[in-house]
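Taking it in order: structure first as structure tokens, then the write-up.
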Amino acid sequence: MASTNTTNDNDPSNILSKTVKVHSITARQELNGTFGTVKSYLPEQNRYIVQFPPPTTTPATPTTTQSPSQISLRADNLTPANYIERTQYTIAEMKQAATALFHDPQTRAMIRQAYAEADRRLPPRVKPEYAAGIGLLLMGVIIYVFGFSRVMFLTSILLLVGSVILPDVMAGTGIKGTARNFPSRWRAMVVEGTGFNWITERMALGGFVFLLLMTGNVLMKSGGGGGGGKGRTQAAGGGGLNAESLLAENVVKWTMEDVYKMGFEDAAQVRDHGASLPMDHASMGYFAATASRRTSASNGEDDVDWNDYQSSTSPTPPPKKGGLGMGSILSLLAIGRAVKDMGFNQDGAFDFPLLVANVRLMEKWKLGFLGIAIYRVVSGFL
């Protein structure tokens with residue numbers, strides 16, 4: 001059977017649109033170790049055009065001293081960046097962009113204009129900074145009620161969708177136009193993040209629907225923030241735990257932890273031993289009468305006959321953890337990206353021996369993180 005491996009004349013090294021690391025340059029050694037994005041290929045020169053982030057422009061840095069942002073380099077001097085290096089490069093780009101925006105006069109003018117517009121729309125005597133403080137306070141209350149992880153997870157999803165539709169919103173495309181352009185923009189973001197160019201719009205939208213379902217599953221799970229409930233055995237009025245208050249709250253069952261806490265509070269508040277312990281409750285079995293359970297004042301000995309205790313219920317086993325949670329999904333994506341980077345050759349075909357060789361050459365700490373991700377996925381099904 002004939003080989004199907006062919007070389008792409010427009011991208012022989014298969015690094016177009018990828019983040020690369022420059023190395024082994026002798027003419028301009030200051031470029032070694034830097035990162036850039038491959039923009040195009042020059043067949044006649046057998047070189048790639050690599051775009052580097054421009055130096056940060058500040059009042060102390062004149063624009064005449066800046067180096068060019070695009071340089072043609074040979075493929076031998078370029079190595080595709082791994083996941084950690086791509087993340088570091090993205091963070092550096094974001095930092096440079098933020099610094100440039102901070103020193104940009106137009107950006108400052110826009111901020112002043114937005115501040116003046118917000119000040120005009122707000123009620124009298126309400127400054128924009130006060131409104132921002134109230135918004136932060138409201139966010140804190142929401143986090144306290146619903147839980148930090150839920151709020152941050154929902155916020156990250158909203159920011160992700162917002163970053164996709166932001167170009168259409170800024171262009172004033174409208175709701176229909178934004179919805180019409182969303183599939184292609186979402187696919188472009190997925191392809192850029194994963195590196196898999198074969199992903200179609202339908203596949204990308206399927207992943208988006210799955211992400212929405214996972215988001216709903218996380219948000220609808222029981223349990224929540226620190227203020228959602230103080231526990232089912234908290235007595236009304238913020239007082240200590242006792243049998244009467246629990247019965248008034250129609251609590252169905254007590255746990256041994258609840259009973260222990262009530263006994264501890266008896267000792268802490270110098271009450272009679274066993275004063276707050278439940279009596280003849282279905283979840284605790286049979287207890288002796290109150291008179292026999294309390295400490296005798298004459299001899300200070302405990303008259304309780306603990307042999308009378310008969311547990312009527314068995315402890316409820318903890319719920320089995322498992323399934324494909326959000327952590328397992330993220331671990332699965334990390335594994336897929338690692339396999340894509342280490343197991344596919346320049347022709348885009350999967351090569352298992354290449355994958356094994358690259359795994360053996362991985363640094364120990366990277367191999368450890370990969371092992372943790374694999375364990376997280378496997379444990380989700382056990």
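If you're wondering where the values come from, they're calculated on a predicted model, not measured in any experiment.
- Looking only at side-chain heavy atoms (C-beta outward), S331 and Y375 stay at 4.5 Å or farther from each other.
- The side chain to side chain contact (heavy atoms under 4.5 Å, CB included) test applied to N32 returns V22, I25, Q29, not counting sequence neighbours.
- The local environment of CD in Q45 is crowded, with over 12 non-hydrogen atoms from other residues, nucleotides or ligands closer than 6.0 Å.
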Extract all donor-acceptor atom pairs below 3.5 Å that involve side chains of residues 133-140 and protein atoms in other chains or at least two apart in sequence.
none

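- A continuous path of ILVMFWY side-chain contacts below 4.5 Å connects F146 to I143, so both sit in one hydrophobic cluster.
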Per-pair distances, 0.1 Å, donor-acceptor, side chain in residues 164-183, under 3.5 Å, sequence neighbours excluded:
unit_1	atom_1	unit_2	atom_2	d
D168	OD1	N181	ND2	3.3
D168	OD1	R185	NE	3.4
D168	OD1	R185	NH2	3.1
D168	OD2	R185	NE	3.0
T173	OG1	D168	O	3.1
T178	OG1	G174	O	2.6
N181	ND2	G177	O	3.2

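- Using a 4.5 Å cut-off on side-chain heavy atoms (C-beta onward), R202 and R187 make no contact.
- Legend: side-chain hydrogen bond (donor to acceptor under 3.5 Å, both in side chains) pairs involving residues 124-139, not counting sequence neighbours, sorted by first then second residue: Y115-E129.
- Nearest heavy-atom pair across A131 and L122 is CB-CD1, 4.0 Å.
- At least one side-chain heavy atom of Y48 sits less than 4.5 Å from a side-chain heavy atom of L78.
- A204 and W186 make their closest contact through O-NE1, 3.0 Å (heavy atoms, listed as atom of the first residue, atom of the second, distance).
- Taking a 6.0 Å sphere around CD of E30, one finds it holds more than 12 heavy atoms contributed by other residues, nucleotides or ligands.
- P80 pairs in a side-chain contact (heavy atoms from CB on, under 4.5 Å) with only one of the listed residues (N14, V38, I15), which is I15.
- Note on L160 and F208: same hydrophobic cluster, where clusters join Ile, Leu, Val, Met, Phe, Trp and Tyr whose side-chain heavy atoms are under 4.5 Å apart, directly or indirectly.
- Considering CD1 of I142 and CZ of F148, their distance stands at 13.5 Å, rounded to 0.5 Å.
- Under a cutoff of 6.0 Å and an axis angle of 45°, R108 and F102 form a cation-pi pair.
- In terms of hydrophobic clustering, with Ile, Leu, Val, Met, Phe, Trp and Tyr side chains grouped at heavy-atom distances under 4.5 Å, L205 and M203 are assigned to a common cluster.
- By the criterion of side-chain heavy atoms lying less than 4.5 angstrom apart, applied directly or through intervening Ile, Leu, Val, Met, Phe, Trp or Tyr residues, L213 is not grouped with L332; the two fall into different hydrophobic clusters.
- Side-chain contact between F52 and T37: absent, with no pair of heavy atoms (C-beta onward) separated by less than 4.5 Å.
- There is a path of hydrophobic side-chain contacts, each under 4.5 Å, that joins V20 to Y41.
- Counting only heavy atoms from C-beta outward, the side chains of F35 and E85 approach each other to under 4.5 Å.
- Screening residues 15-27 for side-chain hydrogen bond (donor to acceptor under 3.5 Å, both in side chains), with sequence neighbours left out, gives H23-T79.
- One distance of note links CD1 of I374 with CD1 of I335; it measures 5.0 Å at 0.5 Å rounding.
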Run the side-chain donor-acceptor check on residues 348-373: report pairs under 3.5 Å with partners two or more places apart or on a different chain.
unit_1	atom_1	unit_2	atom_2	d
N358	ND2	M342	O	2.6
N358	ND2	L354	O	3.3
E363	OE1	W365	NE1	2.5

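- The 12-atom threshold is exceeded at CZ of R120, counting heavy atoms of other residues, nucleotides or ligands nearer than 6.0 Å.
- When atom types are taken as modelled, the side chain of R47 and the backbone of S72 share a donor-acceptor pair closer than 3.5 angstrom.
- The minimum heavy-atom distance between Y89 and P53, with the atom names listed, is OH-CD, 3.6 Å.
- L211 places a side-chain heavy atom less than 4.5 Å from the side chain of I157.
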